[in-house]
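Quick note on labels: first sequence line is chain A, next is B, and so on, each numbered from 1. All values below were derived from every heavy atom in this structure, side-chain atoms included, with hydrogens, water molecules and symmetry-related copies excluded.
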Protein chains: 2
Amino acid sequence: MAPKATLGDDLFERLLELIYSCELPPGAIVNESALAARFAVSRGPVREAVRRLQGIQLVSREPFMRARVITLEPRAVRELFEMREALEGYACRLAAQRMDAAEIERLAAGLEHNRSRALGGDEHQSPAESFDFHERIVRASGNARIVDTLCGDLYHLLRLYRRWSGAAGERRSIAYTEHRQILLAIRGRDGELAESLMRSHIARAAENVLRNLPASAEDAGSDAGVSAA
Amino acid sequence: MAPKATLGDDLFERLLELIYSCELPPGAIVNESALAARFAVSRGPVREAVRRLQGIQLVSREPFMRARVITLEPRAVRELFEMREALEGYACRLAAQRMDAAEIERLAAGLEHNRSRALGGDEHQSPAESFDFHERIVRASGNARIVDTLCGDLYHLLRLYRRWSGAAGERRSIAYTEHRQILLAIRGRDGELAESLMRSHIARAAENVLRNLPASAEDAGSDAGVSAA
DNA sequence: AGGGCTATAAGTGTCAACAATTCATCCCGG
DNA sequence: CCGGGATGAATTGTTGACACTTATAGCCCT
């Protein structure tokens with residue numbers, strides 16, 4: 001139905017999936033030739049896809065060196081969440097100023113819908129739906145550049161960190177409360193408050209993720225990493 | 001002295017310079033073959049460099065379409081400055097918390113040095129040095145991800161907009177005052193104030209740039225662009 | 001036995017040709 | 001005179017081979 005995409009674009013998605021599924025675990029070396037053979041394409045498209053991964057900093061890059069999937073260093077996690085605080089906070093402020101009433105009500109409906117479903121059975125669906133709330137607000141900011149940066153780059157990383165550290169779930173009911181406060185601030189058109197709440201919300205999530213980290217040497221500086229798999 | 005860089009990396013810098021010098025003006029089509037012939041390399045490295053330009057959104061990208069240098073649309077300018085407000089504001093807050101005393105004094109010295117030099121002759125050197133102040137603060141934030149996003153991506157765009165719109169210079173003395181206020185907030189370790197001041201500073205700069213725009217159809221939506229050169 | 005050097009192997013960077021797609025032109029019909 | 005469709009040219013996407021760099025393994029020397 002959509003044969004317009006190029007091979008490189010497809011490969012990008014597939015490599016992303018490979019990383020998500022931990023078939024390419026953190027720290028794994030990304031071999032262009034091997035991947036080319038695996039997907040039955042030439043090295044050109046693979047190279048292009050890998051370069052895009054490197055562009056959003058999912059794999060390391062040094063000129064002639066072998067590329068590796070990034071690892072879960074506390075410093076990187078901290079930096080990611082700080083950037084989210086800055087960007088999503090501001091996006092939330094913009095959304096509070098710019099969303100129209102109908103949009104706000106759709107957001108509220110989605111939030112309540114997810115809550116009622118969460119009170120039921122589906123436990124593991126939750127993180128994706130938490131994303132949904134954040135993503136809707138970001139997209140409502142009316143700033144395509146911020147949207148692209150968050151949804152196109154940072155959220156990939158965030159999903160990875162969530163999956164790798166296995167940290168998610170127990171914060172769900174708390175998250176609902178915080179989400180609801182944010183929604184109320186948006187509904188009241190209080191951009192200042194909405195930004196502040198979103199920042200706190202993300203900061204708490206960061207603490208939660210950082211707590212469940214393997215080696216919690218936050219400010220160690222030099223990295224003594226994952227050598228033995 | 002540094003022959004370790006690959007051709008693709010060199011080409012990236014050179015294409016950047018080509019865009020800065022308006023040899024590739026806004027809206028110009030970026031022809032891989034032509035550039036390859038011009039720089040006496042194959043299309044591979046050129047392709048890679050162009051893809052990197054596309055990655056930071058300096059040239060447009062659609063699968064089989066010809067790539068074009070982006071144009072100076074008011075919407076994009078607004079979005080760029082909004083993102084700067086979010087990111088640099090937060091970076092400024094972090095810097096206020098994390099810079100050590102010696103670093104702050106170096107920043108102050110640089111600011112005064114530029115001022116005294118600005119009071120002298122060199123008029124056109126000023127914008128680069130204004131960047132210097134901002135860039136120092138950003139780098140002092142201690143967040144490599146934010147630093148890369150701002151200094152690696154957004155600042156390229158910012159320089160372009162400045163050059164294309166020709167807007168710079170008359171705000172210099174005002175900028176000094178605002179820079180000085182920011183410095184004082186940092187020295188007082190008031191992250192909240194520093195962020196607020198930085199945001200206002202950038203917002204004012206945005207207004208200044210948007211004022212000097214050719215067609216000021218801010219929320220026009222559809223673009224009627226530069227067809228005749 | 002351990003450290004440093006060399007040779008081999010593996011992997012990345014680059015190139016030139018081929019295939020697929022889009023853009024420009026021209027012709028035709030209305 | 002204008003719009004639509006086919007044709008040819010220009011441009012991008014893809015491929016496989018070659019050149020260069022880095023990593024691995026083995027060897028010699030101390």
Looking at the side chain of [X], which of [options] is the nearest nucleotide?
X     : options                : value
A/M65 : C/dT14, D/dT22, C/dG13 : D/dT22
B/E32 : D/dG16, C/dG13, D/dT12 : D/dT12
B/S42 : C/dC15, C/dG13, C/dT22 : C/dC15
A/T6  : C/dT12, C/dT14, D/dG13 : D/dG13
B/L7  : D/dT15, C/dT14, D/dT22 : C/dT14

Grab the [atom1]-[atom2] distance between [X] and [N] for me, whole Å please.
X     : N      : atom1 : atom2 : answer
A/L11 : D/dT15 : CG    : P     : 9 Å
B/E62 : C/dT21 : CD    : C1'   : 14 Å
B/D9  : C/dT14 : CG    : C1'   : 13 Å
A/I29 : D/dT22 : CD1   : P     : 17 Å
A/N31 : C/dG11 : CG    : P     : 4 Å
B/F12 : C/dG13 : CZ    : P     : 16 Å

Below 30° counts as parallel, above 60° as perpendicular, anything between as tilted: where do the rings of A/H201 and A/H134 land? parallel
Residues of residues 44-56 of chain A with any non-hydrogen atom less than 4.0 angstrom from an atom of DNA chain D: list those, numerically ordered, please. A/G44, A/P45
Earlier contact from the 5' end, DNA chain D, for B/V30 and A/R66: B/V30
State whether the side chain of B/E79 and the backbone N or O of A/A144 hold a donor-acceptor pair below 3.5 Å, judged by distance alone. yes
Between the first and last five pairs of the helix from C/dA1-D/dT30 to C/dG30-D/dC1, the angle of the axes, rounded to 10 degrees: 10°
Between B/D153 and A/R145, does any NZ, NE, NH1 or NH2 come within less than 4.0 Å of an OD or OE carboxylate oxygen? no
Mind running salt bridge (charged side-chain N to carboxylate O under 4.0 Å, His left out) on B/E23 and B/R38 for me, showing each step along the way? CA-CA 13 Å; B/E23 200 158 341; B/R38 165 165 187 168; 2.8 Å; yes
With distance as the sole criterion, is a donor-acceptor pair present between the side chains of B/Y90 and A/E82 under 3.5 Å? no
Assess, by modelled atom type and distance only, whether the side chains of A/Y20 and A/R159 contain a donor and an acceptor separated by less than 3.5 Å. yes
Check the phosphate of C/dC18 against B/R43, side-chain N and O only, distance under 4.0 Å to OP1 or OP2. Yes or no? no
For a side chain to side chain contact (heavy atoms under 4.5 Å, CB included) with A/I137, tell me which candidate from A/L107, A/L150, A/L94 qualifies. A/L107
Salt bridge (charged side-chain N to carboxylate O under 4.0 Å, His left out) evaluation trace for A/R52 with A/E48: CA-CA 6 Å; A/R52 271 177 70 181; A/E48 194 163 309; over 6 Å; no
Return the set of residues passing side chain to side chain contact (heavy atoms under 4.5 Å, CB included) with B/S33 (not counting sequence neighbours), or none when no residue passes. B/N31, B/R43
